[in-house]
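Side chains included, hydrogens not; waters and symmetry mates left out as well; all remaining heavy atoms used.
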Amino acid sequence: ILHDQRPDRARTITVSVGAAFSADIADGKVERLITEADRALYSAKAGDRNCVRVFDKADPERLDEDETVAALLKTAIEQDRVALVYQPIRCARTDAVVAAEALMRLKTQSGKFVSPAVFIPIAEQSGTIVDLGKWAIRQACREMIATDLVEIVSVNLSAVQLKMPGFPLTVAAILGETGVNPRRLALEITEGREIESQPEILKTIGELKALGVQIWLDDFGTGFAGLSCIREIAFDMVKVDRSFLHASHTPRGAAMLRDIIDLINNAGHA
């Protein structure tokens with residue numbers, strides 16, 4: 001496949017693959033299986049690329065203990081081991097870049113990257129997601145909006161952050177510090193039961209919207225809240241889960257994608 005936009009001018013696309021066998025996973029949980037396969041993928045990317053790496057439970061160098069990741073997260077900001085990368089959001093009609101999504105990356109002392117599928121849940125469990133989340137919002141505002149690289153930047157939020165007292169005031173302080181118009185910042189949340197079933201989260205979302213910040217719903221169609229979520233909350237944008245796009249190559253899948261988009265638009269969301 002030709003790929004003219006690679007910085008190294010190579011004209012081919014390579015594939016890195018990570019895999020894990022259920023027999024190697026002690027608790028047999030599907031989530032753990034996916035996590036270990038994702039770790040193997042990051043190992044493939046950090047190595048030679050264009051290769052297949054299989055999760056090895058006996059590898060002494062692998063970052064396996066949750067305590068190790070939790071300890072790494074506690075000093076990630078001060079030791080400059082956390083960074084943001086940006087995924088462009090393009091207009092489907094014009095192909096123009098209209099926004100960018102900030103994605104967090106974490107690396108170990110040896111320079112290896114830790115999969116977000118590994119460190120984000122641990123950050124939520126340990127509470128370090130609060131400081132990491134503040135850092136991500138401030139960094140995205142400084143790097144992308146204050147420098148006018150994009151019109152809008154989106155940052156993912158955890159339910160832990162939404163439950164934090166005074167979170168909207170924290171966002172307001174960051175916007176004031178960086179001189180950013182609130183409408184240029186979008187905060188993404190993932191649908192789930194904890195969103196609509198907890199009044200404090202709905203209150204926080206309302207306060208963020210009153211501040212002028214955009215609220216986007218991520219991965220629509222895969223969570224538990226579903227239709228009631230887009231009925232109860234006035235989202236500025238709803239991002240349909242990629243699985244529906246991937247299935248749209250069939251007539252049935254294409255019809256379903258059109259129906260989902262119509263449903264979202266009819267509910268008043270973009």
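Listed here is the closest heavy atom pair of T250 and A247: OG1-O, 3.2 Å. For the residue pair L211 and P168, the shortest heavy atom distance occurs at CD2-O, 3.8 Å. Heavy atoms only, all atoms of each residue included: V155 and A136 are closest at CG1-CB, 4.1 Å. The minimum heavy-atom distance between E78 and K74, with the atom names listed, is OE1-O, 4.4 Å. In this structure, A117 and D38 approach most closely via the heavy-atom pair CB-OD2, 3.3 Å. The two atoms that bring P121 and P116 nearest to each other are CD-O, 3.6 Å, heavy atoms only.
Hydrophobic clustering (ILVMFWY, side-chain heavy atoms < 4.5 Å, transitive): F55 and V17 are in distinct clusters. Under the 4.5 Å side-chain heavy-atom criterion for grouping Ile, Leu, Val, Met, Phe, Trp and Tyr, L169 is not connected to M164 through any hydrophobic cluster. V130 and I77 fall within the same hydrophobic cluster, where Ile, Leu, Val, Met, Phe, Trp and Tyr residues are linked whenever their side-chain heavy atoms come under 4.5 Å apart, directly or through other members. Under the 4.5 Å side-chain heavy-atom criterion for ILVMFWY residues, a single connected hydrophobic cluster contains both L175 and L162. One hydrophobic cluster holds both M104 and L149 under the rule that ILVMFWY side chains link at heavy-atom gaps under 4.5 Å.
To the nearest 0.5 angstrom, I145 atom CD1 is 12.0 Å from R183 atom CZ. Atoms OG1 and CD1, on T204 and I189 in that order, are 10.5 Å from each other to the nearest 0.5 Å. Atom-to-atom distance recorded for I120:CD1 and L132:CG is 7.0 Å, nearest 0.5 angstrom. Summarising the geometry, atom OG belonging to S115 is positioned 11.0 Å from atom CD1 belonging to I34; distances are rounded to the nearest 0.5 Å. Considering CD1 of I261 and CG of N266, their distance stands at 11.5 Å, rounded to 0.5 Å. Atom-to-atom distance recorded for Q139:CD and I174:CD1 is 11.0 Å, nearest 0.5 angstrom.
Annotation for D80: atom CG does not count as buried by contact number, only 12 or fewer foreign heavy atoms lying within 6.0 Å. Taking a 6.0 Å sphere around CZ of R242, one finds it holds 12 or fewer heavy atoms contributed by other residues, nucleotides or ligands. Around the CE atom of M256, the shell of radius 6.0 Å holds no more than 12 heavy atoms that belong to other residues, nucleotides or ligands. In the displayed structure, K209 atom NZ is contacted under 6.0 Å by more than 12 heavy atoms of other residues, nucleotides or ligands.
No side-chain heavy atom of F220 sits under 4.5 Å from any side-chain heavy atom of D241. At least one side-chain heavy atom of L185 sits under 4.5 Å from a side-chain heavy atom of V171. Contact of the V82 side chain with the K107 side chain is not registered, since no non-hydrogen atoms from C-beta on lie closer than 4.5 Å. The closest side-chain heavy-atom distance from L84 to L103 is not below 4.5 Å. F113 has its side chain out of reach of L106: every pair of non-hydrogen atoms, C-beta onward, lies at least 4.5 Å apart. Residues D218 and F235 form no side-chain contact, since every pair of their non-hydrogen atoms from C-beta on lies 4.5 Å or further apart. In this structure, L208 and F167 have side chains that are in contact, with non-hydrogen atoms separated by less than 4.5 Å. Proximity of L245 to V240: side-chain heavy atoms (C-beta onward) are nowhere separated by under 4.5 Å.
Side-chain atoms of S154 and E188 include a donor-acceptor pair closer than 3.5 Å.
Note on R138 versus E143: no salt bridge recorded, every NZ/NE/NH1/NH2 to OD/OE distance being 4.0 Å or above.
In this structure, the side chain of R53 does not engage the main chain of L41 through any donor-acceptor pair within 3.5 Å. Side-chain atoms of T108 come within 3.5 Å of backbone atoms of K112 as a donor-acceptor pair (strictly under, hydrogens ignored). Counting only distance, with no hydrogens or angles, the side chain of R184 and the backbone of E151 share a donor-acceptor pair below 3.5 Å. Checked by atom type and distance alone, the side chain of H269 pairs as donor or acceptor with a backbone atom of I230 at under 3.5 Å.
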Test side chain to side chain contact (heavy atoms under 4.5 Å, CB included) on I152 and Q214; report intermediate values, then the result. CA-CA 9 Å; I152 299 169; Q214 294 193 44; 3.4 Å; yes
V153 and Y86: side chain to side chain contact (heavy atoms under 4.5 Å, CB included), yes or no, with the steps? CA-CA 9 Å; V153 67; Y86 297 94; 4.1 Å; yes
Stepwise side chain to side chain contact (heavy atoms under 4.5 Å, CB included) test for I233 and I205: CA-CA 8 Å; I233 302 172; I205 292 174; 3.9 Å; yes
Go through it in stages, so that I can follow the logic: the residues are I129 and Q161, the test is side chain to side chain contact (heavy atoms under 4.5 Å, CB included), and I'd like the CA-CA distance, side-chain angles, deciding distance and then a yes or no. CA-CA 7 Å; I129 192 68; Q161 293 169 271; 4.1 Å; yes
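In this view, E200 satisfies the salt bridge (Lys or Arg N to Asp or Glu O under 4.0 Å) rule with no residue, not counting sequence neighbours. With sequence neighbours left out, the side-chain hydrogen bond (donor to acceptor under 3.5 Å, both in side chains) criterion links T128 to S126.
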